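Single-structure report; data block below.
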Amino acid sequence: MTDSSLNISIKNVTKTYDKFYALKDISLEISSGEFMTLLGPSGSGKTTLLMVLAGFTNPDYGSVKFGEDEVILKPPHLRGIGMVFQNYALFPHMSVEQNVGYPQKLRGVSVADTNRSVQEALETVKLAGLGHRGVDELSGGQKQRVALARAIVFKPKILLMDEPLSALDKKLREEMQIELRQLHDTLNMTTVYVTHDQKEALTMSDRITVINDGELMQLGTPNEIYEHPNNHFIADFIGESSLLPVSVKKGLVFFDGAEIKISTPVKNDGDFILVVRPEKAFITSENSDNVNIFAGIVLDSIFQGESQLLVIKLNSMSKDEVILRVRVPNGSVTQVALPAVGQDVKIGLRVADSYLVS
Amino acid sequence: MGGAILEKLNEEGLQKVAFKERLTLLGLTLPYLIFVAALIIIPVGWLFYLSFIGRDGGFSFENYERMTKSRAYIRIFITTFKISILTTLICAIIGYPLAYFMSQLSRRWASICMIGVLIPFWTSLLVRTYAWLVLLQKKGLINNIALDIGLISEPIKFVHNTTGTLIGMVHIMLPFLILPLYANMRSIDKDCLKAASSLGATPTRAFWTVFFPLSLPGLTAGLLIVFVLCLGFYVTPAILGGGARNHGSDENFQ
């Protein structure tokens, strides 16, 4: 544990609005220096949890500790956190330098030291030389960098970010994701990052906490969450997936009456869902022992640049259509030619990639 | 391309279209301009011209000399400014916290408050001023109650003096301060205040370093409107202040 960061310990945090649970008994540990992402759809409670950490929302009950220090009763200005807001929240009546120097001024840091730390922070976010600009003269990306510089200038041990990249365009957002992650690795502050963008979460985080309807759904590394979602919701929310209804009887798994094999056995019988990631399914012509085969007809074939997405309607006896999406990388050497729309195809899914959720 | 001159398709036509659009926009100000010219610029200009005409009908500064030399005029000027400044200040002291309170409410409750602020406008200015006279006079409601419960032994002189003028004027001017101030405060990004406190500012510090500076445009607009209205205010000072002695705009009507 380095002295530049603190671990965060959240216990039993519950927040209700009337009878609606915004947060339901949330407990989680964030290690010192970790990049933790709170991921969920809008209205899931992820921002509420961040606001509880920052001190802007008081929960009904629960405990939040920074290191050994219980902070739940402390007002925001005594928590010593750096925070970056979704819409930057820069002070429009101050210049870039004044914005970044604001926390130092509050702390009574001398003018010389303030200037030095402001320059340092601006260099860190690659804005050196723009200090005299007014906030209105900056682009969106520059504004978010100023907001970031302002949040790190006083070297807080904990950095909170509330969807900081959501207002930027896609290309800039993807650049900033990498940069933010590098910045985190350099500064080594414990970072709590809120986003609804699952791809962003997968790209940036050490670990991800998935929240939905105020409940903690799953906590794990990006790999664990993507490869082994806990449940239907996460399988659907993280990545693109096709969800096929299957039933389990005496340990055997059936889709549409035909038996399929899966990677990890399930104990109890009942209805389950087979999660199929589009990049893991493939067009095939031959049967093989460790591959499950599904037959269907191509409904649509979409060119997406780096890949071709095939939308396939599986042959099934049930009334509801079962749709499977298959991603064929552009330029990949496949044994089978790309099928045309309306053509019958066989889709393969390796047993190792066949994963059930309830 | 090799230096070839590009054909400027439809350039002239497009310039004409742009010119027409600007002309149309200018046309929108026409009714206002006619109104102002006929009813304000011409008569006031005429008055201004007359102010330079002496008793003998020739050009002279004698009217202005009279104004600067007569003690009565100077006193009236001073009183006018004094009352106007005081009214403006009191409005700011009462109005700022109220506008702040309203800006923190949900839109629904803020609208209800706003109705409360605007309701006085439904009653004529004259009626409201006389109502104050009824309440504040020697044998008025306020003095009677204060006497009855033993708060005072002698009736307090509320009207026909500066106090009465101020009470009445503040009451009438307050909405003019609150409206622009509230609109300004509403537009202040609440996250800015959150940012300030997350960065270590106490609520007081966050208010003075962030909220107050950001509310200045609204406050300035409000103060200006109130002050200017006060300078030209006649009815209320005349009734509650007690005659021509007090306010400059009174004199204009003599």
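Worth saying up front: this structure is predicted, and the values here are computed from it rather than measured. Chain identifiers are assigned alphabetically (A, B, ...) following the order of the sequence lines, protein sequences preceding nucleic acid strands; residue numbering begins at 1 within each chain.
No side-chain donor from either of B:S215 and B:Y100 sits under 3.5 Å from a side-chain acceptor of the other. A donor-acceptor contact closer than 3.5 angstrom links the side chains of A:Q119 and A:E97. Residues A:E29 and A:S9 have side chains that bring a donor and an acceptor to within less than 3.5 angstrom of each other. No donor-acceptor contact under 3.5 angstrom links the side chains of B:T68 and B:Y73, judged on distance only.
Aromatic rings from B:F176 and B:F121 are positioned such that their centres are separated by under 6.0 Å.
For A:L90, the part sitting under 4.5 Å from any heavy atom of chain B is the backbone (N, CA, C, O) and nothing else. With a threshold of 4.5 angstrom between heavy atoms, A:R150 approaches chain B through its backbone and through its side chain.
A:F154 carries A:R107 over the face of its six-membered ring, with the cationic atom under 6.0 Å from the centre and within 45° of the normal.
When the candidates B:L216, B:L193, B:V210, B:I188 are compared by the number of heavy-atom contacts under 4.5 Å with chain A, B:V210 comes out ahead.
Near-neighbour residues of residues 38-64 of chain A relative to chain B, defined by a heavy atom under 4.5 Å from a heavy atom of that chain, comprise A:M51, A:F56.
Open room surrounds CD on B:E7; 12 or fewer heavy atoms of other groups in view lie less than 6.0 Å from it.
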